[in-house]
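Accompanying notes for the structure given below.
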Amino acid sequence: MLRRIVSVLIPVAFGIIIIVIGCVNVSQVKNFPEVNAVVTKIDIDYSTDADGDTTEDETVFVEYTVDDKTYNEELNYAPSGLEEKQKITVRYNPEKPEYVSGATKKSGIIKIVIGAAIILISLIAKLLGILRGR
């Protein structure tokens with residue numbers, strides 16, 4: 001019984017987390033002012049899992065100016081494909097200008113849809129399993 005509950009709760013919780021991240025992205029687009037920035041540095045960390053598969057994790061830093069103060073900060077929700085010295089538009093938190101985000105409304109909506117799809121598919125799969133007596 002516990003196994004059945006967990007098999008539904010894990011994907012539902014994962015879907016909810018993705019939806020929350022999407023909502024945060026949309027909120028940032030709505031509430032954070034835009035500013036021009038330049039990509040100053042891209043750090044790439046490689047890690048290998050037990051199967052020998054290598055993953056790449058990028059950390060992007062951007063320089064931007066708010067109220068005559070220049071910041072060089074890590075870009076949260078950085079889009080892929082950025083290059084050093086590239087000029088981009090980002091959004092910053094007006095209450096904490098050192099927090100800068102590359103989130104877009106489109107990326108937020110995509111995350112919300114993906115999260116909802118994960119939840120819906122897991123619930124439908126569980127319902128079909130119950131109807132089939134599993």
Side-chain angles (χ1 to χ4, degrees):
M1 178 67 171
L2 180 62
R3 184 174 165 209
R4 287 183 179 181
I5 293 171
V6 170
S7 69
V8 172
L9 288 181
I10 290 175
V12 168
F14 184 66
I16 290 170
I17 290 168
I18 293 173
I19 289 171
V20 169
I21 291 170
C23 290
V24 167
N25 289 168
V26 171
S27 174
Q28 289 174 347
V29 170
K30 182 179 177 184
N31 297 314
F32 287 8
E34 286 186 339
V35 66
N36 293 321
V38 175
V39 177
T40 56
K41 182 177 169 187
I42 299 176
D43 285 337
I44 302 175
D45 291 322
Y46 297 96
S47 59
T48 305
D49 64 16
D51 296 331
D53 296 326
T54 301
T55 57
E56 185 178 293
D57 184 36
E58 284 189 351
T59 304
V60 178
F61 293 87
V62 294
E63 184 176 281
Y64 57 100
T65 303
V66 175
D67 296 329
D68 296 324
K69 183 174 180 187
T70 300
Y71 297 86
N72 193 346
E73 301 291 337
E74 179 180 342
L75 180 61
N76 295 287
Y77 304 109
S80 61
L82 294 176
E83 297 177 6
E84 288 185 12
K85 300 182 182 176
Q86 181 177 350
K87 295 178 183 181
I88 61 173
T89 301
V90 295
R91 295 179 180 275
Y92 68 92
N93 183 338
E95 295 175 13
K96 292 177 69 178
E98 65 276 5
Y99 179 89
V100 63
S101 174
T104 64
K105 187 174 182 180
K106 181 179 178 182
S107 69
I109 290 171
I110 288 171
K111 289 173 186 148
I112 292 168
V113 169
I114 289 171
I118 290 170
I119 292 170
L120 186 61
I121 290 168
S122 65
L123 292 176
I124 289 172
K126 185 45 95 179
L127 180 60
L128 290 174
I130 290 170
L131 293 175
R132 292 182 181 155
R134 293 182 192 167

Please report the interatomic distance OG1(T89) to CG(N36), rounded to the nearest 0.5 Å. 5.0 Å
Quick one: closest heavy-atom pair of I44 and E56, and the distance? CG2-CG, 3.3 Å
Other residues, nucleotides and ligands only: do more than 12 of their heavy atoms fall within 6.0 Å of CD on E95? no
Would you say I110 ends up clustered with I17 if hydrophobic residues are merged whenever their side chains have heavy atoms under 4.5 Å apart, either directly or through other cluster members? no
Donor-acceptor contact present, side-chain N76 to main-chain V100, <3.5 Å: yes
Same apolar cluster (I L V M F W Y, side chains within < 4.5 Å links), V12/L120: no
Donor-acceptor contact present, side-chain S27 to main-chain C23, <3.5 Å: no
OG (S107) and CD1 (I112) are apart, to the nearest 0.5 Å, by 9.5 Å
Distance col, row S101:OG vs N93:CG, nearest 0.5 angstrom, shows 10.0 Å
Closest approach of A78 to V60 (non-hydrogen atoms, all atoms of both residues): CB-CG2, 3.9 Å
Any heavy-atom pair between the side chains of D57 and T55 that's under 4.5 Å? no
Is it the case that one hydrophobic cluster holds both I19 and L123, taking links as side-chain heavy atoms less than 4.5 Å apart, direct or via other members? yes
Among Y77, Y92, Y99, which one satisfies side-chain hydrogen bond (donor to acceptor under 3.5 Å, both in side chains) with Q28? Y99
Distance check, rounded to the nearest 0.5 Å: T40 atom OG1 versus E74 atom CD? 11.0 Å
To the nearest 0.5 Å, how far apart are CD in E98 and CD in E73? 6.0 Å
Under the salt bridge (Lys or Arg N to Asp or Glu O under 4.0 Å) test, which residues partner K106, sequence neighbours left out? none
I'd like to know if the side chain of D49 reaches the main chain of D51, judged simply by a donor and an acceptor atom lying under 3.5 Å from each other, with no hydrogens or angles considered. yes
In sequence, state the C-alpha distance, the side-chain angles, and the governing distance for T65 and V35, and then conclude on side chain to side chain contact (heavy atoms under 4.5 Å, CB included). CA-CA 8 Å; T65 303; V35 66; 5.8 Å; no
When every non-hydrogen atom of G115 is compared with those of I18, the smallest separation belongs to N-CG2, 3.8 Å
Trace of the side chain to side chain contact (heavy atoms under 4.5 Å, CB included) decision for T104 with N25: CA-CA 7 Å; T104 64; N25 289 168; over 6 Å; no
Same hydrophobic cluster for L9 and I118, using side-chain heavy-atom links shorter than 4.5 Å among ILVMFWY? no
Can you name the closest pair of heavy atoms from I42 and V39 and give their distance? CG1-CG1, 3.8 Å
Summary of ring pair (Phe, Tyr, Trp, His ring centres under 6.0 Å) pairs that have at least one residue in residues 47-76, sequence neighbours excluded: Y64-Y71
Atom of I109, atom of V26 and distance for their closest heavy-atom approach: N-CG2, 4.1 Å
To the nearest 0.5 Å, what is the distance between CD (E58) and CG (D45)? 10.0 Å
Might you point out which heavy atoms bring P79 and L75 nearest each other, and give the distance in Å? CD-CD2, 4.2 Å
